[in-house]
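Computed from a prediction, not measured in an experiment: that's the story for all the values here. The figures here come from the full heavy-atom set of this structure, side chains too, leaving out hydrogens, waters and symmetry mates.
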Amino acid sequence: MLISEVSEKYDIPQDTLRYYERIGLIPHVNRNKSRIRDYTEEDCRWVEFIKCMRGAGLPIEVLIEYVGLFQQGDETVEARKELLIEQRTQLKARMEDMKKTLERLDYKIARYETGLVQAEKTLRRPEGVHS
């Protein structure tokens with residue numbers, strides 16, 4: 001699959017895909033005879049994984065570490081698992097913070113809506129009264 005197709009499929013700019021490859025987030029992508037990147041299904045799974053993890057807020061440095069561990073083989077399974085557990089813990093904490101923020105926003109919006117209803121009531125004129 002060409003980089004343009006991968007870019008469109010995963011909604012990631014081509015420059016970002018090149019950057020991810022350059023820093024080692026996506027293991028080496030093969031090139032065809034014309035030296036054009038030729039993404040395999042495995043490459044695409046890495047792209048999908050990285051997009052998911054970045055979307056959840058995982059830092060690039062953590063993902064580089066994970067990919068490096070993965071490339072070292074099965075002896076790093078525990079280290080990879082621990083890294084993912086740590087990131088899950090941090091993500092859950094961020095989600096809890098976001099939940100509190102959402103609740104506060106809902107409260108503030110409800111206050112504005114209540115205030116608007118009250119303000120509109122004061123603008124209504126009693127029947128029969130004309131300016």
Side-chain angles (χ1 to χ4, degrees):
M1 186 179 291
L2 299 175
I3 193 169
S4 59
E5 296 168 317
V6 174
S7 173
E8 186 175 327
K9 180 177 181 176
Y10 295 102
D11 193 28
I12 299 174
Q14 292 180 35
D15 286 343
T16 301
L17 290 169
R18 289 184 197 99
Y19 171 70
Y20 284 172
E21 183 183 354
R22 188 172 67 250
I23 65 173
L25 276 185
I26 301 170
H28 178 73
V29 176
N30 291 320
R31 295 177 185 255
N32 63 21
K33 288 182 261 181
S34 302
R35 303 290 303 143
I36 296 172
R37 285 175 176 82
D38 186 15
Y39 286 78
T40 64
E41 284 302 312
E42 183 179 348
D43 297 331
C44 289
R45 284 192 297 272
W46 276 110
V47 169
E48 189 174 20
F49 172 75
I50 298 303
K51 180 178 180 173
C52 176
M53 296 297 112
R54 289 293 294 143
L58 273 71
I60 285 181
E61 297 77 20
V62 168
L63 294 172
I64 290 171
E65 181 181 355
Y66 179 86
V67 173
L69 288 168
F70 180 86
Q71 290 175 328
Q72 291 175 37
D74 289 344
E75 63 272 7
T76 66
V77 167
E78 273 306 308
R80 284 183 271 155
K81 179 183 168 188
E82 288 302 317
L83 191 144
L84 293 176
I85 289 170
E86 178 183 331
Q87 292 306 306
R88 181 182 62 190
T89 300
Q90 291 177 20
L91 178 59
K92 287 175 80 171
R94 285 194 308 273
M95 289 173 65
E96 188 58 37
D97 288 344
M98 291 174 76
K99 181 180 175 203
K100 290 175 184 173
T101 301
L102 180 60
E103 289 169 356
R104 187 168 191 172
L105 286 169
D106 288 344
Y107 170 78
K108 295 291 279 180
I109 291 167
R111 295 276 307 205
Y112 276 104
E113 289 173 348
T114 302
L116 290 174
V117 168
Q118 293 302 320
E120 287 176 351
K121 285 182 182 177
T122 63
L123 293 176
R124 290 193 185 123
R125 294 185 204 132
E127 301 236 355
V129 175
H130 300 284
S131 318

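Judged by distance alone, with hydrogens and angles left aside, the side-chain atoms of Arg54 form no donor-acceptor pair with the main-chain N or O of Leu63 at under 3.5 Å. A donor-acceptor pair is defined here as one N or O able to donate and one able to accept, closer than 3.5 Å; no such pair exists between the side chain of Ser7 and the backbone of Ile3. Not one N or O on the side chain of Lys51 forms a donor-acceptor pair closer than 3.5 Å with the backbone of Ile12. Side-chain N or O atoms of Asp38 include one that pairs as donor or acceptor with a backbone N or O of Met1 at under 3.5 Å.
For Ile50 against Val67, the heavy-atom pair with the smallest separation is CD1-CG2, 4.5 Å.
Counting only heavy atoms from C-beta outward, the side chains of Glu96 and Lys99 approach each other to under 4.5 Å.
Other residues, nucleotides and ligands place more than 12 heavy atoms under 6.0 Å from the CG atom of Asp106. Residue Arg104 qualifies as open at atom CZ: its count of foreign heavy atoms under 6.0 Å is 12 or below.
Linking ILVMFWY side-chain heavy atoms closer than 4.5 Å, directly or via other members, places Ile60 and Leu91 in two distinct hydrophobic clusters. Following chains of ILVMFWY side-chain contacts shorter than 4.5 Å, one cannot reach Leu69 starting from Val77, and the two form parts of different hydrophobic clusters. Clustering ILVMFWY residues whenever any of their side-chain heavy atoms sit less than 4.5 angstrom apart, transitively, puts Met95 in a cluster other than the one holding Leu58.
The residue from Tyr39, Tyr20, Phe70 that alone fulfils the ring-ring contact (aromatic ring centres under 6.0 Å, His included) condition with Trp46 is Phe70.
Atoms CE and CG, on Met53 and Leu84 in that order, are 7.5 Å from each other to the nearest 0.5 Å. A distance of 10.0 Å separates CD of Glu5 from CD of Gln14, quoted to the nearest 0.5 Å.
Using a 4.0 Å cut-off between a side-chain N of Lys or Arg and a carboxylate O of Asp or Glu, Asp97 and Arg94 do not qualify as a salt bridge.
Annotation: Phe49 is in aromatic contact with Tyr66 [ring centroid separation under 6.0 Å].
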